[in-house]
Every structure is written in C-alpha cells, then in structure tokens.
Amino acid sequence: MIATVATVVAGLIAAAVVVMGTSFFWAPAVAAGFGIPGTPVEDRAFRSWAQVKGNRDIGTGLLLLVVLVGGTPQLLGAAMVVAAVMPVADAVTVAAAGGPRATVYGVHAATAAVMVLVGLVLLLA
C-alpha cells in the first residue's frame, strides 16, 4: 500500500516538474517565483538562462515518468533520490543569492526532502 502511494506521489512530482519546466517558456515571469530577488524577467539574457532551467526540469520530469512506467519501484526510488540533487542545488542557489528563506526551505528544500522520502520508500519496497 505504501509503495503504491509513493509511486503515485512520484508520478505527481514528475508531472509537476514537467509543468514547471514548461512555464519558463509560456510564462517567464514565473521565474521570479524561483526565489532570486531582483529577477529581471524581461531581460533577454535572463530569459535564456530561465529556459535552460526549464529544459532541465522538463527533461528530469520526463525521465522520471519513463522510469515510473518502464522500471521497477526500486529503480524509480533510486531515480527520485538522485533527482533530489536538483532542488537541493536550487535551494543553495537561492540562498546564495539572498533569496527568501521561505523559498529556500519551503519550496526547494521541502521538494528535495519529499523526493528523498518517496525514493527511500520505493527503494525499500
């Protein structure tokens, strides 16, 4: 039962990451919510960097969905734990930029923690 819940949560996270990644293309102002103060969302160079992050998110989410569909729960768990490196790196980036602690911990670190927890549950399934 718990493995099924963890698998559903993993799927929801993967889908959310894809949606977040696409938002950098259709709503670049969402990048301001990433947590870096003074984000110049209208700057062309910044938009290019935001699209790099969007591409990373889309690729990561799709990869997790492929593993969810074609792999074992343990493989999905390992992928979730490894993919949690990205929100940890995002938390460090936002913190280094002087971003709000609520975003550092409440968004990025919390996402990483949930991903690791789900991953560990699946690894032990």
Side-chain angles (χ1 to χ4, degrees):
M1 173 66 175
I2 188 116
T4 302
V5 171
T7 302
V8 170
V9 172
L12 292 172
I13 290 170
V17 170
V18 170
V19 170
M20 285 185 293
T22 63
S23 69
F24 283 95
F25 295 94
W26 54 266
V30 78
F34 182 73
I36 299 174
T39 302
V41 294
E42 298 306 320
D43 179 65
R44 187 173 171 167
F46 171 78
R47 283 183 173 214
S48 296
W49 283 108
Q51 288 177 356
V52 169
K53 183 190 176 340
N55 291 335
R56 180 197 77 173
D57 288 352
I58 293 167
T60 301
L62 291 175
L63 182 61
L64 290 172
L65 289 171
V66 166
V67 173
L68 183 143
V69 170
T72 64
Q74 292 75 24
L75 181 60
L76 178 58
M80 291 294 289
V81 170
V82 170
V85 167
M86 286 178 265
V88 168
D90 292 344
V92 170
T93 300
V94 173
R101 287 186 175 178
T103 303
V104 171
Y105 298 108
V107 176
H108 301 297
T111 298
V114 169
M115 289 177 75
V116 168
L117 178 65
V118 167
L120 292 175
V121 167
L122 290 168
L123 277 169
L124 299 173

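Here the closest heavy-atom approach between residue Gly77 and residue Leu123 is recorded as C-CG, 3.9 Å. Closest approach of Ala110 to Gly106, counting heavy atoms only: CB-O, 3.5 Å. Scanning all heavy atoms of the two residues, the minimum distance from Val18 to Leu65 falls at CG2-CD1, 4.5 Å. Nearest heavy-atom pair across Gly21 and Asp57 is CA-CB, 3.6 Å. In terms of heavy atoms, Ala79 sits closest to Leu64 at CB-CD2, 3.8 Å. Nearest heavy-atom pair across Ala125 and Ala3 is CB-CB, 3.7 Å.
Leu63 contributes atom CG, which lies 11.0 Å from atom CG of Leu68 (distance to the nearest 0.5 angstrom). Put simply, CD1 on Ile13 and OG1 on Thr60 are 12.5 Å apart, with the number rounded to the nearest 0.5 Å. Here Arg47 contributes atom CZ and Phe25 contributes atom CZ; the two are 11.5 Å apart, rounded to the nearest 0.5 Å.
Hydrophobic clustering, with ILVMFWY side chains joined whenever heavy atoms are under 4.5 angstrom apart, keeps Leu117 apart from Val82. Residues Val9 and Met115 are members of one and the same hydrophobic cluster, defined by side-chain heavy-atom contacts under 4.5 angstrom among Ile, Leu, Val, Met, Phe, Trp and Tyr. Phe46 and Trp26 are assigned to two separate hydrophobic clusters, defined by single-linkage of ILVMFWY side chains at heavy-atom distances under 4.5 Å.
By the salt bridge (charged side-chain N to carboxylate O under 4.0 Å, His left out) test, Arg101 pairs with no residue at all, sequence neighbours left out.
Within the 4.5 Å cutoff, side-chain heavy atoms of Asp90 are placed close to those of Lys53.
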